[in-house]
Every structure is written in C-alpha cells, then in structure tokens.
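Read through the structure below, which is laid out as structure tokens, and then see the notes.
Lettering of chains follows the sequences in order, A, B, ..., and the numbering in each one begins at 1.
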Amino acid sequence: MINYHNFIERSITGALSFLKESVFADQYAAKKGFLQSLDPRIKTITFMVFIVLIIFTKDIRVLFFMYALCLLLGSISKINLWFFLRRSWIFIPLFSIFIAIPALFNIVTPGETLVALKIFGIKLTITRQGFFGASLFVARVVTSVSFAVLLTLTTKHFELLKVLRIFKIPQIFVMTLGMCYRYIFLFVEIVSSTYLAVKSRVGSRIHYRTGQHLAAWNIAALWQRSYRLNEDVYNAMLSRGYRGESFALNDFRTKTKDWLWVCLVVIISAGVSYFNYG
Amino acid sequence: MHIPDGYLGPATCGFFYAVMLPLWTIASRIVKKNLSAKQVPILAIGASFSFVIMMFNVPIPGGTTGHAVGGVLVAILLGPWAASIAITVALVIQALVFGDGGITAIGANCFNMAFVLPFAGYYIYKAISHKSPVDSNRRVIAAGIAGWAALAIAAAFAGFEFGIQPLFYKTATGQTLYCPYGLSVALPAMLGEHLLVFGWVEAIVTALVIKYLQKQSPELLEERRKDR
C-alpha cells in the first residue's frame, strides 16, 4: 500500500504517474478520430478561439452548450469518456468547486435570499447572486479546462509545441521548448530512480529534517548532472549540423476537412457571440 | 500559484500578455547576446530543471509534504533573464501539454512566476550576499531569505490579480463573473499560505541546494554571464 504522507513514495508515485499519463495521452493522440485527423495548427488555433469565447461568456447556458460540444468532440475522437472526465475534473475544477462554496453565502456575496440555512446555530443565507456567480465561475473553469485537456489528448505533444512556431515567437523560445520537452522525461526518470535508490537503502521512515536535506541534495545533484549534460548536448547539436541557427521541418498539411472545420468554428463562434452580446 | 483558465477576466489576461511581450523580447535579446553558443542547451536544461523541481516532494512537520517552485534557485544559477526564459518555457509546457495553469492565463502566470519571482529573488539574494565569498554562510542565508520573500511577493501579485476581478467584472445585480473573492479575501489568503507554509519550503530548498553546491560544485555559483 502506498503511504501518501511519505515524501519518498510520493515522489516516486508522482514521477511514475507523470510518465504513465504521458504515454496514455500519446496513445489517444495516435488514434484515428476526428480531432486527431485535423491539422494541429488549425486545431490549436480553433481550440484557443473556443477557450477565449468561454472566457468572454457571461451566460451559463452558453457554457453548458460549449461543454456538451466538448464532450461530443471527445466522443467522435475516440476518447474514453470516463478517462476524459477523470482527467479534466481532477484537480482544478474540483478545487474550484471547493473554493466557490463560501461565495454562495451572504457573508461573501450579499444579495437576494435564495435559501436560508442555520449551521451550528449561525444563520446563513445563500444569495441568488452568490449562487449564480459561483455556478458561472465553476462552469467556466470546467469548460475551459476540458477544452484544454481535449486539445492535449488529441494532439501529439511534440506537434503541439511545434505549432507555437506559427505565432512567430523568438527563435530562442522555439529551440528551448523543443529541447526542454525531451529533457523533462529524462529528468523525471532520474528523479524516480534516485528516490527508488534512496528507498532501497534507507527505507521510508526518515525524520523530516533529514528528508529536507535529502530532497535538497537531490535537486542540487540533478543540477550538477544537468550542467555536465550541457556540453554533450552541444556536441550532439554540432554533429547534427547546428551552426548557431536552428531549423525545424514543417510537415503540417491542411486539407479540405480542416477548412470545413474552420467554417464550423466560425459559425459556432458567431452564434455564441450573438447569444452573449446580441 | 498556477492560475487556471476562468479565474481571470479577458482584460486582465490581455493586460498581462501585453506586459509580458516586451519582457520576453528583451529577455531573448539579452540572453542571445550574452550566452555563448556552447551554453545554448543550458536554457532548455534549466527549463526542464525548473519543471522537474516541483516533483521533488519535501517533508514538512505534521507528516505531510510540499514542493518548491524553484524560481529563485534557477535565477541564482542562470541569472534573472535566462531564468525568465527557462521558467516561461516550463510554464508554457505545463499549460499547453500538461494542463497545469490556463492558456489564457499564461501571461499572468509568467508575470508572477517567470518575471516577479526570479527578479525579486535574484536581487534580494544579491543585496544580502553582497560581495561575500562563494562558500560563505551568508550566501546560504541570502538564498533562503530570497526564496521565502520572492515567493511571498509573487503570491501577493497573484492574490492581487484574483482580488481585482470582482471590481472589474460584476453584473448590475452584484453577481461576480470570474474569481468571486475581492482583495480583502484573496490577498491575505494567497499571502498567508505562502508566508507561513510554502515560503518556508522554498526557503529551505533554495538554501540547502546552495549549501550543497558550495561544497560539491562551487564553480556553478560563480558569476560568468553578463546578463546578471
């Protein structure tokens, strides 16, 4: 059984679940579903349009419509509904519900009384403004997080980072992004093996002060190893032809389907905007 | 401290993107000018490092665990401008690929964690350590104070961003549209937890890592880059 209060086991579990989730996500991105078949550039831009629309939306019915659209897109993209709900609801939406609860009451949001309660002898009222404000807040967070998760699940991570080039961001960011993504997995594996080695040598019961030293020393050791890695990476770059400027292959191709999808997104966006401001 | 989508209104998100754009441009110009070609991979390695720091669980009294953000540590090791790029990259990957932090809030998150945190931390560290030797205890203490204080400053900015939402976005009937808590709640809540809990984790980790590097690799703490 995993003791989640133990920092060694927690670090190992965290690192392993990170690697497992990434592999799972890549499996979904490789499926032959609707969203997977779209050009990643078009898909990313249209999903960003959806998220911006959600941020501007002031009507909860529009948010429900957008959430239903998100679930529909997920199902035609062969995403397991249970996996998707678990992935999108944990942790941000659940945390948002938790922090929205006090905002229901008149002590935070004064207004018209919706429900009067007596908790431990204290009179509290849920106000109309508090209820609708908190509902709108949670619905907005859930819908925007779901769209972001759907984008991530249906696009290969590496392609998603490559898409950023269309925004003409400085080259140093583009290069760093691509390289950084690869090293994250190497470093996560180092974290996992380091803690596994510590666990096998000292067990799991360590005083918290010793534990703090241990964690800090491992971070420092990781930096030392990383710094040494720098020269090897640079030599590898030189051997692949790096001469101070980086070039990336552009293998994205738009199809008729992508443009039809753009038309559909324009229609949906116009409808949502009309409903919001019309 | 990662702000998700839906907590901040569109004008706040737009404002922080507008603030960060020139800062990212300046950072890339300074780093490109001052980093030698050989040191280019260190930015990516620094970004991965700042991403992975959060996976090191640190035990805290009471049987639970916390994790450091590492922004000040990366700033001490790489310099503030390079740290700003490295943390930005880590935050973009977190938001876009791993769903941690909102896409519309990338500007605000980068302002708090890739600008305020490394710059405040780096200059507090510089001011306290002054010209003390690389292996001095003063540097360890300076790193700890910088980690604690910079995290609190960044948290105060995040609390402020949350707290101004009800001022800007409220219907005529008093219904809030985004983060429902005003400054009187959001600011003390963010500051309190970071001053009393997370700030200490940050301070301990930053100080102990510097102490370890003083013993094992003091050359990594020496100043070489011109962007400092």
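- If you measure heavy-atom distances from B:Phe49 to chain A, the contacts under 4.5 Å come from both the backbone and the side chain.
- Note: B:Ile93 leads B:Val185, B:Thr104, B:Ile93 in heavy-atom pairs under 4.5 Å with chain A.
- Comparing B:Ile45, B:Ile103, B:Thr25 by how many heavy-atom pairs each has under 4.5 Å with chain A, the most go to B:Ile45.
- Your options are A:Val149, A:Val138, A:Leu222, and the one with the most heavy-atom pairs under 4.5 Å with chain B is A:Leu222.
- Counted within 6.0 Å of OH on A:Tyr67, heavy atoms from surrounding residues, nucleotides or ligands total more than 12; the atom is thus considered enclosed.
- Between chain A and the residues B:Leu96, B:Leu43, B:Val92, B:Leu8, the most heavy-atom pairs under 4.5 angstrom are made by B:Leu96.
- Interface summary for chain B: among A:Trp223, A:Trp217, A:Phe56, the most heavy-atom pairs under 4.5 angstrom belong to A:Trp223.
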(message) Could you go through A:Ile126 and A:Phe105, starting from their C-alpha distance and side-chain angles, then the distance that decides it, and tell me whether this counts as side-chain contact (heavy atoms from CB on, under 4.5 Å)?
(response) CA-CA 4 Å; A:Ile126 295 179; A:Phe105 297 98; 3.7 Å; yes

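- B:Val89 has its side chain out of reach of B:Phe51: every pair of non-hydrogen atoms, C-beta onward, lies at least 4.5 Å apart.
- Closest approach of A:Pro40 and A:Glu159 over heavy atoms only: CG-OE1, 3.5 Å.
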(message) For B:Phe115 and B:Met20: C-alpha separation, side-chain torsions, deciding distance, then whether side-chain contact (heavy atoms from CB on, under 4.5 Å) applies.
(response) CA-CA 8 Å; B:Phe115 178 67; B:Met20 281 313 293; 4.3 Å; yes

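- A:Ser226 touches chain B through backbone and side chain together, each having a heavy atom under 4.5 Å away.
- No more than 12 heavy-atom neighbours from other residues, nucleotides or ligands sit within 6.0 angstrom of CH2 on B:Trp200.
- Heavy-atom pairs under 4.5 Å with chain B peak, among A:Leu153, A:Val141, A:Ile92, A:Ile219, at A:Ile219.
- The contact between B:Leu73 and chain A is made entirely by side chain atoms (from C-beta outward), counting heavy-atom distances below 4.5 Å.
- Both the backbone and the side chain of A:Ile99 come within contact range of chain B, judged by heavy atoms closer than 4.5 Å.
- Of the listed residues (A:Pro102, A:Ser88, A:Ala134), the one with the most heavy-atom contacts under 4.5 Å to chain B is A:Pro102.
- When atom types are taken as modelled, the side chain of B:Asn109 and the backbone of B:His2 share no donor-acceptor pair closer than 3.5 angstrom.
- For the ring-ring contact (aromatic ring centres under 6.0 Å, His included) test, residues two or more places apart in sequence or in another chain that qualify with B:Phe16 are B:Phe111.
- Contact annotation for B:Val205: both backbone and side-chain heavy atoms come within less than 4.5 Å of a heavy atom of chain A.
- Taking 4.5 Å as the heavy-atom cut-off, the residues of residues 43-53 of chain A that approach chain B are A:Met48, A:Ile51, A:Val52, ordered by number.
- With a 4.5 angstrom heavy-atom cutoff, A:Ala139 does not touch chain B via any of its atoms.
- The candidate with the highest count of non-hydrogen atom pairs below 4.5 Å against chain A, out of B:Thr171, B:Leu213, B:Leu177, is B:Leu177.
- In this structure, B:Val72 and B:Tyr122 have side chains that are not in contact, with every pair of non-hydrogen atoms separated by 4.5 Å or more.
- Aromatic ring centres of B:Tyr178 and B:Phe162 lie farther apart than the 6.0 Å criterion allows.
- For OH of B:Tyr17, the number of neighbouring non-hydrogen atoms (other residues, nucleotides, ligands) closer than 6.0 Å is greater than 12.
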(request) Please lay out, stage by stage, how A:Leu63 and A:Ile54 fare under the test side-chain contact (heavy atoms from CB on, under 4.5 Å). (result) CA-CA 7 Å; A:Leu63 291 176; A:Ile54 292 163; 3.6 Å; yes

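- Counting only heavy atoms from C-beta outward, the side chains of B:Arg139 and B:Tyr125 approach each other to under 4.5 Å.
- Only the side chain of B:Tyr181 has a heavy atom closer than 4.5 Å to any heavy atom of chain A.
- Applying the salt bridge (charged side-chain N to carboxylate O under 4.0 Å, His left out) test to every pair with at least one member in residues 86-99 of chain A, sequence neighbours left out, gives these pairs: A:Glu21-A:Arg87.
- Contact of B:Thr206 with chain A is not made at all, since no heavy-atom distance falls under 4.5 Å.
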Less than 3.5 Å apart, which donor and acceptor atoms pair up between the side chains of residues 179-190 of chain A and the rest of the protein, not counting sequence neighbours?
residue: A:Tyr181; atom: OH; partner: A:His157; partner atom: ND1; Å: 2.7

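- Contact of A:Pro110 with chain B is not made at all, since no heavy-atom distance falls under 4.5 Å.
- Ranked by heavy-atom pairs under 4.5 Å with chain A, the list B:Val52, B:Thr88, B:Thr176 is led by B:Val52.
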